[in-house]
Amino acid sequence: MKIVTWNINGVRARIGNLLHWLQEANPDIVCLQEIKTQDEGFPRLEVEALGYHVETHGQKGFNGVAILSKLRFDEVNRGLPGDDSDDHARFIEGVFSTRQGALRVVSLYLPNGNPADDPVKFPYKLAWMERLERWARGRLDLEEPLVLAGDYNVIPEPIDARFPENWVNDALFQPATRQAFRRLENIGFTEAVRATTEAAGVYTFWDYQAGAWQKDNGIRIDHLLLSPEAADRLAATSIDKHVRAWEKPSDHVPVAVELALDAA
DNA sequence: ATGGCAGCGTCCCGCTGA
């Protein structure tokens, strides 16, 4: 079972890249972030034509997440519980049947939080991370394979940036941000890419500006966190870095995990 | 990043992103 997360930075602007990549990578489940459209604007017919079921949680202009799946959805939940006043579309959960039992997959787009001294944006990021932890603790009680996949907007460690010194004042690399991410790991989640490589120079995002891609000035901020039951079935991870060199690319690339699970 | 891209809606400028 191949599960992938990709911040696509506008699904309507990226539909050609998405269709090409789906055929090349042949994933079973895809978690998209920043679809930047309302649900009715998602190009679902083109994606369905490739054999995928589509569930979205969109909003006008920015944010928005989706899950594409070759497996039928048994259940879909939209929005991260814990704050009814939060109207950002950043969270969608799908439940699937496998031969080994239920599988839960979340596509999440964690708030950026910049500027780090902003009285609203940075606290919103930390509060969202606290809500995610609270929600995730509850899901761990189910003792099921669960994948929390998405754009976390978190650089976990200095090794996850080409120039970590450039990020010390950034919300993505603040001590409080990194601590909140470690808390998610410490309650029982395994970060899939770091579980499979200790290598430096592994990035998932390169800014459009200042020739960041050409200089390999990247950061690793797209992650897949695995519950114990999912981590026990972790077979491999991969990053489709070559997609960043395509025409009209997203600034993020797909990050994949292979789990030893079979569709029911 | 003293902001040099890119997508989107308010649509040829302003906002958001990281």
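Numbered from 1 within each chain, the chains take letters A, B, ... in sequence-line order.
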In residues 235-243 of chain A, what donor-acceptor pairs under 3.5 Å come from side-chain atoms, sequence neighbours left out?
{"unit_1": "Thr237(A)", "atom_1": "OG1", "unit_2": "Thr196(A)", "atom_2": "OG1", "d": "2.7"}
{"unit_1": "Asp240(A)", "atom_1": "OD2", "unit_2": "Trp21(A)", "atom_2": "NE1", "d": "2.8"}
{"unit_1": "His242(A)", "atom_1": "NE2", "unit_2": "Glu24(A)", "atom_2": "OE2", "d": "2.6"}

Spacing of the [atom1] atoms in [M] and [N] (rounded, Å):
N: dG7(B); M: dC12(B); atom1: C1'; result: 14 Å
N: dA6(B); M: dC11(B); atom1: P; result: 23 Å
N: dC15(B); M: dT10(B); atom1: P; result: 14 Å

* Asked: If you look only at pairs with a residue in residues 175-202 of chain A, which of them pass as a ring pair (Phe, Tyr, Trp, His ring centres under 6.0 Å), with sequence neighbours excluded?
  ->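 Listed once each, the pairs are Tyr152(A)-Phe181(A), Phe181(A)-His223(A).
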
* **Where protein sits on nucleotides 7-18 of chain B, one letter per nucleotide: B base, S sugar-phosphate only, - none, heavy atoms under 4.0 Å** => SSS-------SB

* **side chain to side chain contact (heavy atoms under 4.5 Å, CB included) partners of Glu229(A), counting only residues at least two apart** =>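 Glu229(A): side chain to side chain contact (heavy atoms under 4.5 Å, CB included) contacts with Glu143(A), Pro145(A), Ser227(A).
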
For a quick test of your reading: what N or O donor-acceptor pairs under 3.5 Å do the side chains of residues 45-52 of chain A make, sequence neighbours left out?
{"unit_1": "Glu48(A)", "atom_1": "OE2", "unit_2": "Arg44(A)", "atom_2": "NH1", "d": "3.0"}
{"unit_1": "Tyr52(A)", "atom_1": "OH", "unit_2": "Pro27(A)", "atom_2": "O", "d": "2.7"}

* Got a sec, which residues hit ring pair (Phe, Tyr, Trp, His ring centres under 6.0 Å) with Tyr109(A), two or more places apart in sequence or on another chain? ->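 With sequence neighbours excluded, Tyr109(A) shows a ring pair (Phe, Tyr, Trp, His ring centres under 6.0 Å) to no residue whatsoever.
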
